[in-house]
Amino acid sequence: MTPHLSRRAFLAASAATALPLPALALSGHRLRAAPARVRLVPEPWGETDVWSYGGTVPGPVLRARQGERLSVTVENALSAPTTVHWHGLRLPNAMDGVPHLTQAPIAPGASFTYAFDLPDAGTFWYHPHMQSAEQVGRGLYGALIVEEDTAPRVDHDTIWVLDDWRLTPEAAISDDFGQRHDQSHAGRLGNTVTINGTVPEGVALRPGARIRLRLVNAANARIFGLDFGPLIPRIIALDGQPVTPHAPEGGMVTLAPAQRADLILDMPATSGARVSITDRFYPQAAYALVDLVAEGAPLRDSPPNWPVALAPNPLPEPDLSGAIRHEVTFTGGAMGGMVTRDMGIKTAHHGNGFWFLNGQAGEGHDHPPLLLLEEGRSHVISMTNATAFPHPIHLHGHSFRVLGRNGRPTQHLEWRDTVLMAPRERVEICFVADNPGDWMFHCHILEHQAAGMMAVLRVG
Ligand code: C2O
Ligand code: CU
């Protein structure tokens, strides 16, 4: 029997767990990437051989305060070269961790020290940018939390790093990385979802407790659509950047690969109450992810009126009237020909891969730039998803405002570093190109990235 999303059968008996995360590693400022053996799925399955930072999955939570300098020495004890990318951080290009583009790969046995300032508070994460589909897929990732000077008051500040694994009946990681079907379709979807590296049944919380839940999607390909049932969360940050607190659209918190969301949740005040969180992003394959269980003496009988809004980060505000406009059309993939035909889009395709940006597949990391972005200016990139699949598109080194979708302005003009485009959707983003260098711009479905859905934007 393969471990499976519907894990109720074998978990029915387990008690509510706390979903522990490893202790902070920042005292040592060292991060060791190495093979490890961990328990992802419960008995009767065995343990799983993974690649991990510091021997655990996820790797240690790196925590620092806004404005501080972070310095981390990465030791490579893997058999393959690697790098670490600090996803969502606005840092100098040389610290971005992109092999061949911003640094030489860290060879097995070698180490590399990353050091950079942290201008923005928020929920970020780190992962390799080398053979990412395999290295992230084997368990190399961790959360990076940059704390605000004054954080909103909560009872618990909790991180959930979500992942989706493709496991064999022996609970080993299926080693079919780089499968052409995954690359040309929806990416490597797995059969086992974990939160902080375990398959949880329930999370016990005090009745009435207020929680800040920091969600990170570290999966290669799975998009989550979390429904908290009667418990309406308030979203206070997306991809680490504060947003006007709001309830999720359609009652579902959508979290594509690499995206983060910070939520405020108030537990029901009745002891014994159970809130079931379901993932219904793929409607035909909805499943119960985890239950929140109110246990113990209530902390209060109604939600506290403590403010929840976060102070903005120091992001440069783009000037829309003076912005330079660019177009990027994404094509390719299974059934892509049908979509471009319907949309009346004609593009010649160049390069090896299944996916194309303005007709070019990106091979490797070091490409001639797709766009030249004049430094210091505001730029609007109008992106068209002329494919049959959703794609979370990530830009390195900058956060951007999501201006509009299909010609309609977004409600919150949210800042993001990774924006999900639905099939056939047109999404406009805008930002000040204030960080010089060559920056990756790619789909964060790692199999798509490996199959050409990646380019370089040059700021200078
Ligand atoms: Cu999370 Cu280019 O990466
Ligand atoms: Cu994609």
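Throughout, numbering of the chain's residues begins at 1 and tracks the sequence. Whatever order the structure lists ligands and atoms in, that order sets their numbers, starting from 1. This one's a predicted model, so the numbers in the text were calculated from it and none came from an experiment. Just so you know, these numbers use all the heavy atoms, side chains as well, and skip hydrogens, waters and symmetry mates.
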Peer 1: Have a look around atom 2 (Cu) of ligand 1 and list protein N/O/S atoms under 2.8 Å, or say none.
Peer 2: His129 NE2, His396 NE2, His442 NE2
Peer 1: So which of the N, O or S atoms of His127 lies nearest atom 1 (Cu) of ligand 1?
Peer 2: NE2
Peer 1: What angle sits at the Cu ion (ligand 2) between ND1 of His448 and ND1 of His391, to 10°?
Peer 2: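 An angle of 100° at the metal.
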Peer 1: Which of these passes side-chain contact (heavy atoms from CB on, under 4.5 Å) with Leu457: Leu373, Asp438, Leu372?
Peer 2: Leu373
Peer 1: Show the numbers, then the answer: is there a salt bridge (Lys or Arg N to Asp or Glu O under 4.0 Å) between Asp164 and Arg188?
Peer 2: CA-CA 9 Å; Asp164 170 35; Arg188 181 182 167 92; over 6 Å; no
Peer 1: If only side-chain N and O atoms count, and only distance matters, is there a donor-acceptor pair under 3.5 Å linking Thr418 with His87?
Peer 2: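 The answer is yes; a qualifying pair exists.
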Peer 1: Would you please say whether a donor-acceptor pair under 3.5 Å links the side chains of His398 and Asp417?
Peer 2: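 Checked: His398/Asp417 side chains show no N/O donor-acceptor pair below 3.5 Å.
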Peer 1: Is it true that the side chains of His85 and His127 contain a donor and an acceptor less than 3.5 Å apart?
Peer 2: no
Peer 1: Cation-pi check, Arg222 to Phe281: give yes when NZ or CZ is under 6.0 Å from the six-membered ring centre and within 45° of the ring axis, no otherwise.
Peer 2: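 Because its charged atom misses either the 6.0 Å distance or the 45° angle limit, Arg222 does not stack over Phe281.
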Peer 1: Strictly by modelled atom types, are Arg426 and Ser382 linked by a side-chain donor-acceptor pair under 3.5 Å?
Peer 2: yes
